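Letters A, B, ... are given to chains in the order of the sequence lines, protein chains preceding strands, and every chain is numbered from 1. Remember, predicted model here, so these are calculated numbers, not experimental data. The figures here come from the full heavy-atom set of this structure, side chains too, leaving out hydrogens, waters and symmetry mates.
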Number of protein chains: 2
Amino acid sequence: MVETVTKKELIFIEAAKLFQSKGYAATSIRELADQVGLKPSSFYSHIKGKEEILEIICKKASALFAEGLENVLNNHDKPIKQLEAIIDLHIDVAFGNPSAITVFNDEWRHLSGEALAEFRRSRKSYQDGVIKIIKEAKAKGQVKDLDATIVFNLIIGGSRWLHFISKPSESMVSKIRGQLKQLFFDGMRE
Amino acid sequence: MVETVTKKELIFIEAAKLFQSKGYAATSIRELADQVGLKPSSFYSHIKGKEEILEIICKKASALFAEGLENVLNNHDKPIKQLEAIIDLHIDVAFGNPSAITVFNDEWRHLSGEALAEFRRSRKSYQDGVIKIIKEAKAKGQVKDLDATIVFNLIIGGSRWLHFISKPSESMVSKIRGQLKQLFFDGMRE
DNA sequence: CATATATTTACGAACGATCATTCGTACCTA
DNA sequence: TAGGTACGAATGATCGTTCGTAAATATATG
């Protein structure tokens, strides 16, 4: 066993890519199977159905943010530092796990039943966590008196395009990181 | 003829709503016909095919931004004022034509051939126009020395969630407008 | 170590469902 | 009478998925 990635994991990796570029609904099992090097029928030796793939990917993406938030809270005391770490988290996910961004933002709506409900809960819980940080920073007088939901959505939306950058160099990432933080914290006005 | 909206226009209106909530690929002609009060076959008395609907909607959405940019340039001299007007434009479109935002951001990728090429040109032209404003503002020392593309994408992405607000009151819209501008221009730091 | 057995993985063929679309025809209106 | 609008029925294509079966792999037994 030389391969460190099982075929099932490979399915999720390739599926995430396709879902990102074409969308869940427009991606067929046949196309996906082809990408993995399997016949469509062989697919069902590994997964229960198409939606299971989306479920797993969505779960991974929301776990990424949930764990990220947890780390932020463990590693920083001051809310303003936590806020900065949250921005870092979004940038890290966008560059390190590009397809997670798309799925987290757009494709989850193709879930159904309990998987959809659970994703919504998880997303809401993340949002609440970040909003709590914003409110604490506000209470300490470190950020302006702004609606926390608006600030949250600006951070979410403001890092929603980064995954379009194909092969960002290390220096480019750090430049974007710096400028985005500057924008979020101090705006563009000179 | 009491109706001021032709059936063909109604098709585009309902289609835009469905594309926004379910996505283009996941929206069937049957469903769309049902929403308009027609049988699927009757649909083709009005339109050439499914993709034509997306084409028209995408064209309208990009025209919205193109005309908006033109107005901004005609009505304001100083780049910093133009920039503010651009932000207003995005907020106006998000609230006044919610489905245009989704289509402009996401669904256009389902276009093909010349329609896709033309949309890309139009989008690029809008982006170039806004970036030019940002650079002029920078040259005048009115905004920080930031990468114009980053600023542009933050504005685009930062107003990409507004259409989720279902029935915003007038006061809510103006509150969001004020806070978003404050964020874009001066950031969240107190 | 070799052999038999069980389990997993892969496949071709086919299923029913649904897809966008076409066609011939009827209706409605000008 | 003519042109637009609507419809039922049917088309071929593609969808996700199932099924029986064969190959490959792992496990157990001699």
Checklist line | Interface residues of residues 10-23 of chain B with DNA chain C (non-hydrogen, below 4.0 angstrom) | finding: none

Next item on the list: Tell me which residues in residues 48-58 of chain B put a heavy atom below 4.0 Å from DNA chain C, sorted by number, or none.
Entry: B:Gly49, B:Lys50

In this structure, how many angstroms lie between the [atom2] atom of [N] and the [atom1] atom of [X], rounded?
{"X": "A:Tyr44", "N": "D:dT21", "atom1": "OH", "atom2": "C1'", "result": "19 Å"}
{"X": "A:Ile29", "N": "C:dA10", "atom1": "CD1", "atom2": "P", "result": "15 Å"}
{"X": "B:Lys8", "N": "D:dA6", "atom1": "NZ", "atom2": "C1'", "result": "16 Å"}
{"X": "B:Leu32", "N": "C:dC19", "atom1": "CG", "atom2": "P", "result": "12 Å"}

Taking only residues at least two apart or on different chains, which pairs with a member in [range] satisfy ring pair (Phe, Tyr, Trp, His ring centres under 6.0 Å)?
{"range": "residues 98-118 of chain A", "answer": "A:Tyr24-A:His110, A:Phe65-A:Phe104, A:Phe104-A:Phe119, A:Trp108-A:Phe119"}
{"range": "residues 28-48 of chain A", "answer": "none"}
{"range": "residues 139-187 of chain B", "answer": "none"}

Check: Phosphate oxygens OP1/OP2 of D:dA6: is one of them under 4.0 Å from a side-chain N or O of B:Lys7?
Finding: yes

Note to self: Please determine whether a side-chain nitrogen or oxygen atom of B:His46 lies at a distance below 4.0 Å from atom OP1 or OP2 of D:dA6.
What the structure shows: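 Indeed, a polar side-chain atom of B:His46 lies that close.
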
Note to self: Any non-hydrogen side-chain atom of B:Ile156 less than 4.5 Å from a side-chain atom of B:Asn105?
What the structure shows: yes

Item checked: Pairs where residues 169-187 of chain B contributes a residue and the test side chain to side chain donor-acceptor pair (under 3.5 Å) is met, not counting sequence neighbours -> A:Asp147-B:Lys175, A:Arg189-B:Asp186, B:Glu84-B:Lys181, B:Asp88-B:Arg177, B:Asp88-B:Lys181, B:Asp92-B:Arg177, B:Ser169-B:Ser171

Item checked: Intermediate values then yes/no, side-chain contact (heavy atoms from CB on, under 4.5 Å), A:Leu32 and A:Ile53 -> CA-CA 11 Å; A:Leu32 189 40; A:Ile53 305 176; 3.8 Å; yes

Test side-chain hydrogen bond (donor to acceptor under 3.5 Å, both in side chains) applied to [X] - qualifying residues, sequence neighbours left out:
{"X": "B:Arg30", "result": "none"}
{"X": "A:Lys39", "result": "none"}
{"X": "A:Glu51", "result": "A:Ser112"}
{"X": "B:Glu31", "result": "B:Lys22"}

Using distance only, find each side-chain donor-acceptor pair of residues 127-139 of chain A under 3.5 Å and give its atom names and separation, not counting sequence neighbours.
from	atom 1	to	atom 2	distance (Å)
A:Asp128	OD1	A:Lys124	NZ	3.1
A:Asp128	OD2	A:Lys124	NZ	3.0
A:Lys138	NZ	A:Leu146	O	2.9

Checklist line | Sequence-aligned protein contact record of nucleotides 7-14 of chain D, with B where the base is within under 4.0 Å of a protein heavy atom and S where only the sugar-phosphate is | finding: BBB-----

